[in-house]
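So the structure is just underneath, and the comments pick up after that.
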Amino acid sequence: MDARELALHLFQTTYYDSIDRGDMATAVSAFHEDIQWSHVQVWEHHDYRRRDQPTRFNGRAEVQAFLSERVDKLKEAGIRHRVRDLVCDGERGAFLAAVEGPGPERPFFVWFELRDGKVARYTLRPL
């Protein structure tokens, strides 16, 4: 599997598909133990609002704790994450994706870096 195929698998199959079904332990298995994770809310729902500053975590355990507290609300929201267009140059890349669900599609952009076959940097911003 080349780096592009690996990245697509890690993001769509392991991370986003697992989030969409509420399996946060599998979702974060896409990440390196020392992940640098930065995220700005794409879709405002429940009590989650877009902020000026991103939410940042260092380490897979921090990301899993954050995602795990959102399981019920994400299931209730009925959304899906879809990677649309991914480019990769060695162990760095980016992709365009969208949150699909009730209402209009909400696009976002991700910059990533891979290390040891896992995602080591994840920076998500809404478009």
Side-chain angles (χ1 to χ4, degrees):
M1 182 178 312
D2 68 17
R4 184 186 180 286
E5 291 169 330
L6 174 62
L8 187 57
H9 174 76
L10 288 170
F11 285 110
Q12 186 63 68
T13 305
T14 305
Y15 186 59
Y16 292 129
D17 289 351
S18 296
I19 285 175
D20 293 342
R21 70 175 177 271
D23 181 358
M24 301 315 177
T26 299
V28 299
S29 73
F31 294 147
H32 193 278
E33 188 66 36
D34 299 320
I35 181 75
Q36 293 178 9
W37 191 90
S38 175
H39 181 281
V40 173
Q41 189 71 29
V42 174
W43 183 53
E44 294 186 355
H45 61 98
H46 298 85
D47 55 343
Y48 303 114
R49 299 289 171 247
R50 190 175 294 176
R51 303 174 6 198
D52 291 335
Q53 297 299 315
T55 302
R56 297 180 193 275
F57 295 112
N58 293 307
R60 187 169 43 210
E62 288 183 10
V63 177
Q64 184 171 353
F66 174 75
L67 294 174
S68 293
E69 79 89 64
R70 294 178 163 217
V71 169
D72 292 337
K73 291 179 180 177
L74 286 169
K75 283 183 181 179
E76 183 181 311
I79 60 172
R80 291 282 195 225
H81 297 79
R82 296 284 180 245
V83 175
R84 299 285 168 80
D85 191 15
L86 184 144
V87 295
C88 196
D89 182 15
E91 293 194 327
R92 300 180 310 163
F95 61 86
L96 296 172
V99 173
E100 302 171 346
E105 191 172 275
R106 291 151 189 101
F108 62 94
F109 170 85
V110 171
W111 167 262
F112 66 88
E113 294 176 18
L114 304 175
R115 184 173 7 126
D116 303 326
K118 300 284 185 178
V119 179
R121 179 182 302 270
Y122 175 80
T123 304
L124 182 149
R125 298 297 183 266
L127 296 175

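Positions are given from 1, in the same order as the sequence printed here. Worth saying up front: this structure is predicted, and the values here are computed from it rather than measured.
Linking Ile, Leu, Val, Met, Phe, Trp and Tyr residues whenever their side-chain heavy atoms come within less than 4.5 Å leaves Phe108 and Val87 in two separate clusters.
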Side chains of residues 1-10: which donor-acceptor partners sit under 3.5 Å, not counting sequence neighbours?
residue	atom	partner	partner atom	Å
Asp2	OD1	Arg4	N	3.2
Asp2	OD1	Glu5	N	2.8
Arg4	NE	Leu86	O	3.2
Glu5	OE1	Asp2	N	3.0

Extract all donor-acceptor atom pairs below 3.5 Å that involve side chains of residues 118-127 and protein atoms in other chains or at least two apart in sequence.
residue	atom	partner	partner atom	Å
Lys118	NZ	Ser29	O	2.6
Arg121	NE	Glu113	OE2	3.3
Arg121	NH1	Gln36	OE1	3.0
Arg121	NH2	Gln36	OE1	2.9
Tyr122	OH	Tyr16	OH	2.7
Arg125	NH1	Ser38	OG	3.1
Arg125	NH2	Ser38	OG	3.0

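Residues that satisfy the side-chain hydrogen bond (donor to acceptor under 3.5 Å, both in side chains) test with Asp23, not counting sequence neighbours, are Thr26. Here His81 pairs with Asp20 under the side-chain hydrogen bond (donor to acceptor under 3.5 Å, both in side chains) rule; sequence neighbours left out. For Arg84, the salt bridge (Lys or Arg N to Asp or Glu O under 4.0 Å) criterion is met by Glu100, Glu105, not counting sequence neighbours. Scored by the ring-ring contact (aromatic ring centres under 6.0 Å, His included) test, Phe57 finds Trp37, Phe66 as partners (sequence neighbours excluded). Every residue two or more places apart in sequence or in another chain was checked for a ring-ring contact (aromatic ring centres under 6.0 Å, His included) with His32, and none qualifies. In this structure Asp17 satisfies the salt bridge (Lys or Arg N to Asp or Glu O under 4.0 Å) test together with Arg82, sequence neighbours excluded.
Summarising the geometry of Ala30 relative to Tyr15, their closest heavy-atom pair is CB-CB, 4.2 Å, with the distance given to 0.1 Å.
Here the side chains of Val42 and Pro107 are not in contact, with every heavy-atom distance at 4.5 Å or above.
Under the salt bridge (Lys or Arg N to Asp or Glu O under 4.0 Å) criterion, the residue pairs touching residues 53-62 are Glu33-Arg60, with sequence neighbours excluded.
In terms of modelled atom types and a separation under 3.5 Å, the side chain of Arg92 and the main chain of Gly90 share no donor-acceptor contact.
One distance of note links CG of Asp72 with CZ of Arg70; it measures 13.0 Å at 0.5 Å rounding.
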For this session: I would like to know whether Phe112 and Cys88 meet side-chain contact (heavy atoms from CB on, under 4.5 Å); could you show each step before the answer?
Result: CA-CA 9 Å; Phe112 66 88; Cys88 196; 4.2 Å; yes
